2 protein chains.
Amino acid sequence: MTTSITREQIVHAADDLFYRRGFEHTSFTDIARAVEISKGNIYYHFKTMAEVLRAVIEARLQSKRDMLRRWEAEEPTARGRIERYIDIVTVNGPDIERYGCPVGTLTTELAKLAHPCRDEAVEILTLFRTWLRDQFVRLGQADDADELAMRVLSASQGIATLSNAYQDRAFVQREVADLRAWLRTLETVAHE
Amino acid sequence: MTTSITREQIVHAADDLFYRRGFEHTSFTDIARAVEISKGNIYYHFKTMAEVLRAVIEARLQSKRDMLRRWEAEEPTARGRIERYIDIVTVNGPDIERYGCPVGTLTTELAKLAHPCRDEAVEILTLFRTWLRDQFVRLGQADDADELAMRVLSASQGIATLSNAYQDRAFVQREVADLRAWLRTLETVAHE
DNA sequence: GACAGTCTAGGACGTCCGTCCTAGACTTCG
DNA sequence: CGAAGTCTAGGACGGACGTCCTAGACTGTC
């Protein structure tokens with residue numbers, strides 16, 4: 001794996017533009033301008049736009065894996081870790097209000113385009129899904145772990161979509177609080 | 001308001017294409033081919049692509065208003081009406097699996113594009129929001145009506161997003177059942 | 001200093017886009 | 001019949017796109 005600085009800058013700029021403006025609305029020229037290099041330079045590192053996208057997805061996967069590992073180091077309890085995930089919508093609130101969830105919006109866009117990289121984009125969602133599932137197992141919910149993980153994913157996606165539509169912080173706060181309360185309810189039941 | 005047949009066909013085809021392929025991925029040529037007319041013909045009815053989009057949003061608003069009115073005629077109870085909304089994700093299951101929620105995906109896409117019509121697209125969501133709010137008021141939940149409406153909207157958007165990502169019918173069924181159960185809980189509380 | 005390998009700039013290419021123009025066909029009605 | 005208004009086809013236009021090519025600058029090694 002090459003670790004050219006230019007290559008990394010391209011991926012970083014593309015990542016940002018795909019998120020803020022959407023994959024389809026981002027051109028080679030846009031990326032070149034963001035990195036302040038020539039279009040031909042990008043072509044040296046990536047033969048096609050799909051290759052750039054693949055590299056961006058790979059980078060996102062890696063960054064999310066690192067984040068989850070960090071959370072596991074910082075949060076001793078499974079509940080604390082799940083709460084970390086739930087809190088994303090408030091921690092990244094301003095970005096989500098403007099551009100939506102980076103994971104959800106990309107997979108939705110690629111689905112409509114029937115893009116070859118669609119499944120790779122879904123992998124990012126699956127990364128969170130399996131991680132959340134593990135946490136629920138540790139919470140003593142082995143039987144329903146995947147169902148509960150999907151519930152959390154689903155709730156987050158819904159909150160992100162409406163946050164993006166209405167920019168209503170009170171709504172996000174309320175939903176996050178309710179999700180946390182629901183999580184505590186689960187734990188109580190498990191201890192019985 | 002003109003009611004030209006050609007105009008209506010253009011709006012209908014554009015509506016379909018915007019949903020299935022996305023607004024940005026749909027060109028004048030695509031629409032012309034779908035209706036089997038010339039590109040210049042479209043221009044006679046709509047001066048710009050934004051005008052087509054505006055007409056599509058207007059048509060969707062009208063069609064949703066009609067749908068809600070139909071529901072009110074068919075369902076005598078507020079709970080039945082809300083359940084009708086919740087059931088959308090199963091009734092339109094196949095489409096949502098492939099293309100996502102028509103309302104959510106459009107508003108998200110227009111938000112990224114910072115498109116002038118973004119607010120008009122959000123209006124469709126608001127139509128459901130206020131309608132749901134009214135139903136919750138009738139359910140005896142006047143104090144929390146808007147919060148509950150947002151909860152239902154949020155849940156639906158989340159389910160639609162994950163249904164689109166994983167094409168998992170069992171997940172959708174389960175979430176719908178849980179939402180219905182939650183709704184009954186609300187009613188019981190209200191009657192106490 | 002010569003050379004090979006790596007990286008970069010700049011622009012050519014064919015294609016498709018949104019928009020706009022023009023010429024003509026069709027309808028309506030005096 | 002003929003004139004006015006409505007609708008349609010087809011293509012011109014300037015620009016932006018993804019892709020690709022070429023020439024040269026840079027770096028390290030002998």
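Being a predicted model, the structure only gives us computed values, none of them experimental. Chain naming here is simple, since letters A, B, ... match the order of the sequence lines and numbering starts at 1 in each. What you see below is based on every heavy atom in this structure, not just the backbone, and it leaves out hydrogens, waters and symmetry mates.
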If you measure from the Lys or Arg side-chain nitrogens to the Asp or Glu carboxylate oxygens, is any gap between [X] and [Y] under 4.0 Å?
{"X": "A:D178", "Y": "B:R151", "answer": "yes"}
{"X": "B:D66", "Y": "B:R69", "answer": "yes"}
{"X": "B:E74", "Y": "B:R84", "answer": "yes"}

Euclidean distance, atom [atom1] of residue [X] to atom [atom2] of [N] [Å, nearest integer]:
{"X": "A:L53", "N": "D:dG18", "atom1": "CG", "atom2": "C1'", "value": "15 Å"}
{"X": "A:F46", "N": "D:dC17", "atom1": "CZ", "atom2": "P", "value": "19 Å"}
{"X": "B:I42", "N": "C:dC21", "atom1": "CD1", "atom2": "P", "value": "17 Å"}

Can you find a pair of side-chain heavy atoms, one from B:E97 and one from B:V172, that are under 4.5 Å apart?
-> no
I want to check one thing: is the phosphate of [N], taken as OP1 and OP2, less than 4.0 Å away from some side-chain N or O of [X]?
{"X": "A:S4", "N": "C:dC7", "value": "no"}
{"X": "B:Y43", "N": "C:dC20", "value": "yes"}
{"X": "A:Y44", "N": "C:dT8", "value": "no"}
{"X": "A:N41", "N": "C:dC7", "value": "no"}
{"X": "A:H45", "N": "C:dT6", "value": "no"}

What residues 14-38 of chain B contributes to the DNA chain C interface at heavy-atom separation below 4.0 Å is B:T26, B:S27, B:F28, B:T29
Would you tell me whether B:T126 and A:Y166 have side-chain atoms, one donor and one acceptor, within less than 3.5 Å of each other?
-> yes
Please evaluate the base of C:dT19 for a donor-acceptor partner in the side chain of B:K39 within a cut-off of under 3.5 Å?
-> yes
Assert: residue with more 5' nearest nucleotide on DNA chain C, out of A:T6 and B:K47, is A:T6
Give me the ring orientation class for B:F128 and B:Y85: parallel if the planes are under 30° apart, tilted from 30 to 60°, perpendicular past 60°.
-> tilted
